[in-house]
Amino acid sequence: MQHHFTLLGCGTSTGVPLPGCSCHVCLSGHPKNFRNRTAGAFHLASGEVILIDSGPDLRHQALQHNISRVDSVIFTHAHADHILGTDDLRAFNFTSKRRITCYGSSETLDGVRNAFPYIFNPKPTYLGGLVAQLDLVSIDPQGSSDIHGLSCHFFPLPHGDTTVTGIRVGDLGYATDCKGLSPRATDVLRGVTTLFLDGLRWESHNTHNSIHEACEIARELGAQTTYLIHTTHSIDYDEVSRQLPKGIELGYDGLRVAFQD
Ligand SMILES: [Zn+2]
Ligand SMILES: [Zn+2]
Ligand SMILES: [Zn+2]
C-alpha cells in the first residue's frame with residue numbers, strides 16, 4: 001500500500017536561522033535554509049497520522065504542513081529538540097476527542113515523563129485546564145510493532161551517551177541523531193529506497209554524523225535517495241546541494257515522499 005511521509009523539520013537542535021546570528025545562511029532568507037527542529041509525519045493511506053517526535057516547533061509545523069490530526073507519536077529519544085512540543089499535542093486531543101498513544105524505548109519514555117511531570121504525574125491539587133491526554137507505550141528498540149496497521153521495525157542508533165530509536169517502515173528508513181549505525185540498524189536499513197539520515201555539518205561532531213560520514217553510510221546502504229537531516233546553519237542549501245554525490249540530497253522542511261509497505 002502507498003503512504004506518504006512529510007519531513008516536518010530538518011534542523012539541528014537550535015533550528016536555523018539561529019536567533020542573533022549574522023552568518024550568510026541565517027541571513028539568506030532562502031526558504032530551504034529555514035529549518036525547524038527535526039521531525040516527521042507518516043500519513044497512512046487509511047487516514048491516520050503518526051508523528052516522529054514532537055519537538056519545540058510542533059505547533060508551527062502542524063499549521064504550516066496541514067497536520068489536522070495526530071493518532072500516535074513515535075519518540076526517537078528524549079532530547080529537548082525532540083520532545084518539547086509534547087504539551088502541544090493537547091490541541092489534537094481537543095479536536096479529535098481521543099487520547100494519543102506515544103511510543104518510545106523505556107529510556108526515552110522515562111525522559112518524557114521527567115520533562116512533563118504535570119502531564120504524567122499530576123498533583124491531586126491541580127486545578128488548571130486539561131493537560132495532554134497521552135498514553136505512553138514502550139517499544140523494543142530492537143524489535144517491531146504494528147501501529148495503525150503499519151509495520152514499524154526499530155533499531156538502536158549510537159548518539160553519545162543516549163541510544164536513539166531509528167525506524168523502518170516499508171521501503172523508507174529514518175535515522176536521526178546518530179554517529180554511525182548499530183549492526184541491527186545496518187541490517188534493518190538494507191534495501192530501503194528512501195533514507196533520512198543525520199548529516200549535521202561538514203565538520204566532525206562527537207554525537208552526530210558529519211556529512212562525510214553520512215555519505216559513507218549512504219553509499220554502503222545504497223538507498224535510491226538519502227536525505228540528510230538535522231543540519232546546522234553552516235549548511236547553505238544551494239551551495240552544499242551542488243557538492244553532494246548523486247543519490248544524496250539535503251532534506252528540507254515540507255519535503256513529502258511516498259513510500260510503500
Ligand atoms: Zn536532535
Ligand atoms: Zn548562522
Ligand atoms: Zn539528540
Side-chain angles (χ1 to χ4, degrees), residues 7-41 51-58 60-61 73-86 88 102-116 141 154-167 173-182 185 195-211 213-214 217 227-240 250-253 255:
L7 186 61
L8 298 177
C10 67
T12 192
S13 55
T14 55
V16 180
L18 191 65
C21 182
S22 54
C23 80
H24 80 283
V25 175
C26 288
L27 294 182
S28 69
H30 189 317
K32 291 181 179 171
N33 284 337
F34 188 97
R35 303 181 185 117
N36 280 312
R37 265 57 74 93
T38 292
L51 290 186
I52 306 181
D53 291 326
S54 57
D57 296 317
L58 174 64
H60 178 68
Q61 289 165 323
V73 180
I74 302 171
F75 287 115
T76 59
H77 64 307
H79 282 168
D81 53 323
H82 297 264
I83 66 165
L84 282 189
T86 297
D88 285 331
C102 300
Y103 299 88
S105 69
S106 51
E107 174 193 344
T108 296
L109 296 185
D110 283 347
V112 174
R113 266 186 214 99
N114 291 338
F116 297 96
F154 303 116
F155 47 86
L157 293 164
H159 181 44
D161 62 2
T162 301
T163 301
V164 172
T165 300
I167 306 152
Y174 187 90
T176 190
D177 292 63
C178 58
K179 187 173 177 74
L181 297 180
S182 63
L195 174 63
F196 291 86
L197 179 65
D198 185 346
L200 186 76
R201 61 186 189 193
W202 289 110
E203 299 78 26
S204 176
H205 188 277
N206 285 339
T207 62
H208 293 273
N209 296 323
S210 68
I211 291 185
E213 289 163 339
I217 293 169
Y227 294 102
L228 304 183
I229 56 174
H230 217 286
T231 45
T232 75
H233 68 140
S234 65
I235 301 303
D236 180 84
Y237 184 86
D238 289 340
E239 276 173 32
V240 175
L250 291 173
Y252 56 87
D253 290 24
L255 170 66

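Start at 1 and go down the list; that is how both ligands and their atoms are numbered. Below, each value reflects all heavy atoms present in this structure, side chains not excepted, and no hydrogens, waters or symmetry copies.
In the model, Thr14 has no side-chain atom that pairs as donor or acceptor with a side-chain atom of Thr12 under 3.5 Å. Side chains of Ser54 and Thr86: a donor on one and an acceptor on the other come within 3.5 Å.
The only member of Asp177, Asn209, Asp198 that meets side-chain hydrogen bond (donor to acceptor under 3.5 Å, both in side chains) when paired with His230 is Asp177.
Sorting the N, O or S atoms of His233 by how far they are from the Zn ion (ligand 2) puts ND1 first. Its N, O or S atom nearest to the Zn ion (ligand 3) is what matters here, and for Asp177 that atom is OD2. Nearest N/O/S atom of His82 with respect to the Zn ion (ligand 1) is recorded as NE2. The Zn ion (ligand 1) lies closest to atom NE2 when only the N/O/S atoms of His230 are considered.
Coordination check, Cys23 versus the Zn ion (ligand 2): passed, since an N/O/S atom of the residue sits under 2.8 Å. Among the atoms of His77, no N, O or S atom is found under 2.8 Å from the Zn ion (ligand 1). Here His79 meets the criterion, with an N, O or S atom under 2.8 Å of the Zn ion (ligand 3). Taking 2.8 Å as the criterion, Asp81 does not count as a coordinating residue of the Zn ion (ligand 3), since none of its N, O or S atoms falls below it. With a cut-off of 2.8 Å, the Zn ion (ligand 3) has an N, O or S atom of His159 in range.
Taking the Zn ion (ligand 2) as the corner point, the angle from Cys21 atom SG to Cys26 atom SG is about 110° (rounded to 10 degrees).
Classified by interplanar angle (parallel below 30°, tilted 30° to 60°, perpendicular above 60°), the ring pair His208/His159 is perpendicular. Relative orientation of the Tyr174 and Phe196 rings is tilted, given thresholds of 30° and 60° on the angle between their planes.
Once rounded to the nearest 0.5 Å, the distance linking CD of Gln61 with CG of Asp53 reads 10.0 Å.
Comment: Arg37 engages Asp57 in a salt bridge, judged by a side-chain N to carboxylate O separation of less than 4.0 angstrom.
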